[in-house]
Amino acid sequence: MENSDVIITSKDFVVKEVFKDSAEKLSFLLENKDYQLEVTLVYELKRENRFLNKYLVVKSGRPVTLERIDLEVISVDDIYQPYKLKQITAWGPAQWRPGLGQPLYTEESATYWGTEFPASYNYVENKTGYCGYLLGKQIEPGKSYTTYKSVLGVGDDARFIQDSFFEYIDQIRVRPFRLQVQYNSWFDFYNNVTREKFANSVEKVNQELHIERGLSPLNAYVIDDGWQDSEADWSKEMWKVNSERFDIDLKSSFETVHKARSNLGLWLSPGCNFGARQAVPLMKEKGLEALDEYMSLAGPVYMQLLEDRMLELTTDGVSYFKLDGLFGHLNRREFDFQGTDYGGATMPQLGVEGFKPADMRLNDHKYDELKTYYLVAGTERLMDIFKKQNEINPDIYIVISNGAYLSPWWLQYVDAVWMINAGDAAEGSGRRQELIYRDEVYYNTWVTERTQFPINSVFNHEPKKTKTGESVKQFSEYLWMNLSRGTGFVELYIKTEVLSERDWDVLASGLKWVQKVFPYFKKAKMHGGNPQKGQVYGYTGWNDKGGYISFHNPSETSTQTYTVKLSRALGTTPFLGEMLISSPLDNAMELVGRKIKEGEQMDVILSPGQVKILEFTAI
């Protein structure tokens, strides 16, 4: 712990008492008389877990500000920081890598370390690992503060410590990992959506996919940006419905989705970004905590109004929320640094007059700590809302989108997170280019940057189908490659009225395949080379019953042979034994029907731009 004057470590405390609270919990009462501090150090180790938790309960005899709390300061020769970037920019296209909430690993002893808080900052310096977070909160005399928990977990092999870490994340996530397939109105109508247009699309999608082609009913139908009345006064009640477009209580839209045996989802921007920016000037005028173009996610008055409305919508039956534009968007972010008192957390002053919330000068790393205080405060406030939404509806599905950041500890509160630094629509003149665009972001995020976040829980803004006319082969290869990325969150961005019968056929078949192979997604990962360099790559996922591998040759001119070995590095297990190869596509007949064992390798030949999907079923 530290404040502006002093750093206090474990050496500054004496042990007063030891408590064995239970077989799974051990506590130590520590005291520092000089600073009138009393700290209870608590260890928790549940019998079924392969990880240990630790936290502090801090009580002070006089006012004290806790600026940063390090739950772990551990010197280990083999400790390392897999993700090292820290790019907390106000401006910059696709330059948003805050580096918050990432774990530490050891390269020989097979352990993982971290803080169970999305906005924590865990780092290594001189072979010492620091696991903690900025706080900036004042503790009043006689009152206590309970920290977030640190975690120490173990794996069986340091080479695969990420797998052990992801198993731990899967164990602590707020809701079980599940498949969420849904329709989104954005590419159908953009922000011109109405109840009539939405109803027509819901009926069309349900008719084509569920009634005529036998797909299970979708989990949700989502009204994207455009349902809100951003010209109304939101200073007392936020996110009012545009009554010229929808029922004020969304009644008919609820009825529409219920007829399709589904649920209603809504787009909403916590920071009042995109289609909600029009509401910001009036809220600013009324004294709410506005920044420049957005609202402050740490402002107590504003965030209470946001909480009230989100909980009201959840109670009304909205079962999915796409929360867009949290701390900004793809190219621009805003920070609250005006020293406002946020419920006991005083944000430090920058010390430079004339700064605006998105001032380009804030890109300078010397302001990273000050910007992080805002990210911490905003993250904590959002977490409070998410916990209350879960209490209302334990089956709710929440996605944090544009302006979020990839920390695996977000999954203690939400179901999926924006894949970061990628546009809504994959760019490119054709399907090959679209795949390369999106998969290059995957490669940069998970391979080059080594982001420690399960690939199965990202929001990637696909699949997209906004026009007809492409061949069944072309659409199928794009769709299966897209779905093979292994995310459990599949949101359809389609123009419902332009799709042909064969388009619907392919879409239904692809979604049925996802339902079939979804159990493999829990351990999905990327394999192969760099898409942008024309190297073969793909995705894979496995369990004890089998798995799948996808392959894409991004080269426009060259046929390539790719050799793949079924090994633990790919995600297979030694329990699989002999497997039978099949494919949902008709372009891998040379491999279909072949038998292969775990530990063996195979060659896959891919013509220019070709996608192949192989399934493996234990015999």
Side-chain angles (χ1 to χ4, degrees), residues 90 119 136-138 191 225-243 248 266-316 318 321-329 332-350 353-359 362 370-389 398 400-404:
K137 283 188 177 179
Q138 181 170 292
N191 59 3
D225 193 353
W227 63 271
Q228 73 280 5
D229 184 0
S230 300
E231 297 181 358
D233 183 353
W234 287 8
S235 63
K236 299 296 182 183
E237 179 184 350
M238 293 199 62
W239 291 94
K240 296 179 179 179
V241 177
N242 186 331
S243 59
I248 202 70
L266 286 180
W267 171 93
L268 188 150
S269 176
C272 286
N273 209 330
F274 305 109
R277 290 179 197 165
Q278 294 164 286
V280 172
L282 184 56
M283 284 192 281
K284 182 184 292 189
E285 183 181 315
K286 297 277 187 174
L288 274 67
E289 301 91 349
L291 300 176
D292 193 352
E293 294 185 0
Y294 320 143
M295 298 299 293
S296 171
L297 297 190
V301 178
Y302 167 72
M303 289 302 288
Q304 186 60 55
L305 287 174
L306 178 64
E307 175 182 302
D308 292 344
R309 184 56 170 144
M310 288 178 64
L311 297 186
E312 179 182 34
L313 290 167
T314 305
T315 301
D316 289 345
V318 176
F321 285 82
K322 175 186 175 182
L323 301 177
D324 202 2
L326 273 69
F327 296 104
H329 61 70
R332 182 181 187 276
R333 275 69 55 178
E334 291 188 354
F335 301 92
D336 193 333
F337 49 81
Q338 297 303 318
T340 308
D341 183 2
Y342 294 140
T346 300
M347 312 297 287
Q349 295 281 0
L350 277 180
E353 294 184 4
F355 271 57
K356 289 189 174 182
D359 197 306
L362 288 172
L370 298 168
K371 290 175 286 185
T372 301
Y373 275 111
Y374 172 57
L375 298 179
V376 167
T379 294
E380 285 192 315
R381 194 61 186 88
L382 288 170
M383 286 160 45
D384 289 340
I385 298 175
F386 299 153
K387 285 187 285 189
K388 292 174 183 175
Q389 286 183 285
I398 300 173
I400 52 175
S401 183
N402 225 309

In Å, rounded to the nearest 0.5 Å, how long is the span from CD of E237 to CG of D308?
9.5 Å
Is there side-chain contact between M283 and C272, with at least one heavy-atom pair below 4.5 Å?
yes
Could you tell me which residues satisfy salt bridge (charged side-chain N to carboxylate O under 4.0 Å, His left out) with E307, sequence neighbours excluded, listed by chain and number?
R381, K388
Could you tell me if the side chain of L306 sits less than 4.5 Å from the side chain of L268, heavy atoms only?
yes
Shortest non-hydrogen separation from G275 to D225 and the atoms involved
N-OD2, 3.0 Å
What heavy-atom pair brings G378 and A298 nearest, and what distance separates the two atoms?
N-CB, 4.3 Å
Quick one, S230 and R277 - any side-chain contact, counting heavy atoms below 4.5 Å?
no
Check this for me: Q304, atom CD, are more than 12 non-hydrogen atoms of other residues, nucleotides or ligands nearer than 6.0 Å?
yes
E231 side-chain N/O to Q278 backbone N/O, donor-acceptor pair under 3.5 Å:
no
Looking at every non-hydrogen atom in both residues, tell me the closest pair between L375 and A119 and how far apart they are.
O-CB, 4.3 Å
Could you check whether any side-chain heavy atom of I400 comes within less than 4.5 Å of a side-chain heavy atom of F386, counting everything from C-beta outward?
yes
Test log, rule side chain to side chain contact (heavy atoms under 4.5 Å, CB included), inputs E380 and D384
CA-CA 6 Å; E380 285 192 315; D384 289 340; 5.5 Å; no
Stepwise, does the side chain to side chain contact (heavy atoms under 4.5 Å, CB included) test hold for M303 with L382?
CA-CA 9 Å; M303 289 302 288; L382 288 170; 4.1 Å; yes
Heavy-atom check, side chain of W267 versus side chain of W227, under 4.5 Å:
yes
Side-chain contact, heavy-atom cut-off 4.5 Å: L313 with F321?
yes
Ring-plane angle category for F335 and Y374, please: parallel below 30°, perpendicular beyond 60°, tilted otherwise.
perpendicular
If you apply the rule side chain to side chain contact (heavy atoms under 4.5 Å, CB included), what do you find for M238 with M295, and how did you get there?
CA-CA 12 Å; M238 293 199 62; M295 298 299 293; 5.8 Å; no
How close do D336 and S296 get, heavy atom to heavy atom, and via which atoms?
OD2-OG, 2.9 Å
Can you name the salt bridge (charged side-chain N to carboxylate O under 4.0 Å, His left out) partners of R332, sequence neighbours left out?
D292, E293, E334
So, taking the atom named CZ in R333 and the one named OH in Y294, what distance separates them when rounded to the nearest 0.5 Å?
8.5 Å
Decide yes or no on side chain to side chain contact (heavy atoms under 4.5 Å, CB included) for Q228 and L266, but give the supporting numbers first.
CA-CA 10 Å; Q228 73 280 5; L266 286 180; over 6 Å; no
Ignoring hydrogens, what is the shortest heavy-atom contact between P270 and L297? Give both atom names and the distance.
O-CD2, 3.5 Å
Side-chain contact test, heavy atoms from C-beta onward, threshold under 4.5 Å: evaluate it for L305 versus L288 and give yes or no.
yes
Whether K240 side chain and D233 backbone form a donor-acceptor pair below 3.5 Å
yes
Quick one: does N402's side chain have a donor or acceptor within less than 3.5 Å of a partner on D324's backbone?
no
Can you name the nearest heavy-atom pair linking L326 to L323, along with the distance?
CD1-O, 3.1 Å
For residues F327 and K371, determine if any side-chain heavy atom of one lies less than 4.5 Å from a side-chain heavy atom of the other.
no
